[in-house]
Amino acid sequence: MSIPDGWDAGELARAARLAARVPAGAGRAGAAARIFAARAPGRVNLIGEHTDYSGLPVLPVAIDRSTIVVAAANTTAEIELANADPGWPSRRFAIERRIPPYETGDWANYVKAAIQGVIDRFSAPATLVDNLRGASMVVDGRVPLAAGLSSSAALTVSTAMAFMAVNGLELDPIETATMVARSEWYVGTRAGGMDQAASILGRRGHALFIEFDPIRVRAVRMPANAAIVVADSREIADKSGMVRAEYNRRVVECALAARILARALKLDGVTILGGVVRAAPGWNAAELVEKLAAAVPARLGADLKEAADILGVPQAVLEAELLGQGAARIALDANRPLEILKRARHVLSETERVIRAADVLEAGRLDEMGKLMNASHASLADDFECSTARLDTLVECARRGGAFGARLTGAGFGGSIVALCDVASADAVIESIDRGYYAKLARGAPESWRAVLHAGAGASVIDLPTA
Ligand code: NG1
């Protein structure tokens, strides 16, 4: 079989090995005698952090590490799921209108999130859910976990694409990205759609300037002399615990800032900062922050009472709108005030940086790009308060090693940093990180913790030859 676009020989070989594990019978008979393989890459975000859930742009690259899901129709209405890594237990669950999640932290919840996304996208108003074919699926994830590289998006995207293929459902890449954008809401994180969009829309050798509402992408060629170094702090950004609570708190803070600013500017119906920006042509971050400062104290109580008064809506209504309902409701620690001004200042100034970054990167001005990345890190540390001492140290080491710039990447609170450097100085940057950071960790295998990553192709699904 020749190598399909977007795949490499190693991935194709992995897919063939996984296909051999699809239970005999599944996908081997009748009209559904096909085995599909979907590959979806992780991503690293160059700049535009904590902007996606405000509907504001980001500039990630899809990376050359992927998750592969091989799938074949089975004769049940169930998903039968195995993982190439024996550390992840097999699972089986029914396809139904509302798929109940496993316990928090179960890996298969990401698979359930993807299947639920397909059901939601295709079953209303018809009753497609009753006609969906079950599938036997085998997963092989090679995107490092909990390292800020979006292993979760790689899993949800590859699952959704494999499951759609089994069922003969088709969407173009933008529609697919829109469908899976909210998939992580299923696991309780109110994430924006950056990770999934980057995984789907990736292009070899290019960064992606992605805008939201609706999703649009402009591919920005990576200069030939640019290298992307990613280093994992080994400080686990645990997405099912504290980090999720901090993340969701930021989502609420940004949404409040947006509503208050929209009210001050008399923009009806605007609920996210992206809506404010789109309705205020010629906007600039400093002016909008000033307007916000005139309309609201820097901090507001977490019970949302003061916020409700400012907005002139009943407290209960505001709570329902911002925190959601039922099991997925966001629980705010009532003893900590919500930071309104600082968070808005980060998101709005970051948006200016992202827009500029797409242009300077395209023009090959790596030193300017590096400065924007450094400014992004400072803003994330000071105003968004999502850096840690360890991430700050890593960023310093990368800069000392000669990087044009470096910053935390992903949600922060641990996880990884990204540095941009000249291809010729990548080794020196890595050496500086090894010496200044990893050598001081008690035990270490730095080879697997930092790497030069390349901008790779976006997700795709192929038909595998059946035996
Ligand atoms: P990470 O921490 O890489 O999973 C998270 C969100 C993104 C985005 C970034 C911050 C998830 C799954 N993804 O990325 O949508 O908001 O934080 O820019 O939570």
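Treat the numbers as computed from the prediction; the structure is a model and nothing was measured. We count ligands from 1, going down the list as the structure has it; atoms in each ligand are counted the same way.
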Are any of the N/O atoms on [X], whether in the backbone or the side chain, positioned under 3.5 angstrom from an N/O atom of ligand 1?
X: Thr189; answer: no
X: Ser152; answer: no
X: Glu184; answer: no
X: Asn45; answer: no
X: Ala411; answer: yes

Ligand-residue contact atoms, ligand 1 with [X], heavy atoms, under 4.0 Å:
X: Asp52; value: 7 (C), 8 (C), 15 (O), 16 (O)
X: Met194; value: 8 (C), 9 (C), 18 (O)
X: Ala191; value: 11 (C), 13 (N), 15 (O), 19 (O)
X: Gly192; value: 15 (O)

- Item | Residue part near ligand 1, for Arg43, under 4.0 Å between non-hydrogen atoms |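 Within the 4.0 Å criterion, Arg43 contacts ligand 1 through side-chain atoms alone.
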Run the salt-bridge test on [X] and [Y] with the 4.0 Å N-O cut-off and return the result as yes or no.
X: Asp120; Y: Arg98; value: yes
X: Glu319; Y: Arg329; value: yes
X: Arg91; Y: Glu80; value: no
X: Glu396; Y: Arg399; value: yes

- Task: May I ask which of Tyr247, Trp185, Tyr53 has a heavy atom nearer to atom 5 (C) of ligand 1 than the others do?
- Result: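 Nearest heavy atom to atom 5 (C) of ligand 1 lies in Tyr247.
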- Query: If you measure from CG on Leu292 to CG on Leu348, what distance do you get to the nearest 0.5 Å?
  - Reply: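 Here the interatomic distance stands at 8.0 Å.
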- Indicate the atoms forming the closest heavy-atom contact of Ile433 with Ala231, along with that distance.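 Of all heavy-atom pairs spanning Ile433 and Ala231, the closest is CD1-CB, 4.1 Å.
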- Non-hydrogen atoms of Gly415 versus ligand 1: any pair closer than 4.0 Å?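 Flag not set, Gly415 not near ligand 1.
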- Item | Face-on cation placement of Lys112 at Phe93 ring, 6.0 Å and 45° thresholds |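 So Lys112 does make the cation-pi contact.
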- Candidates Leu59, Val418, Leu420 - the one meeting side-chain contact (heavy atoms from CB on, under 4.5 Å) with Ile47: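 That would be Leu59; it is the only one of Leu59, Val418, Leu420 passing the side-chain contact (heavy atoms from CB on, under 4.5 Å) with Ile47.
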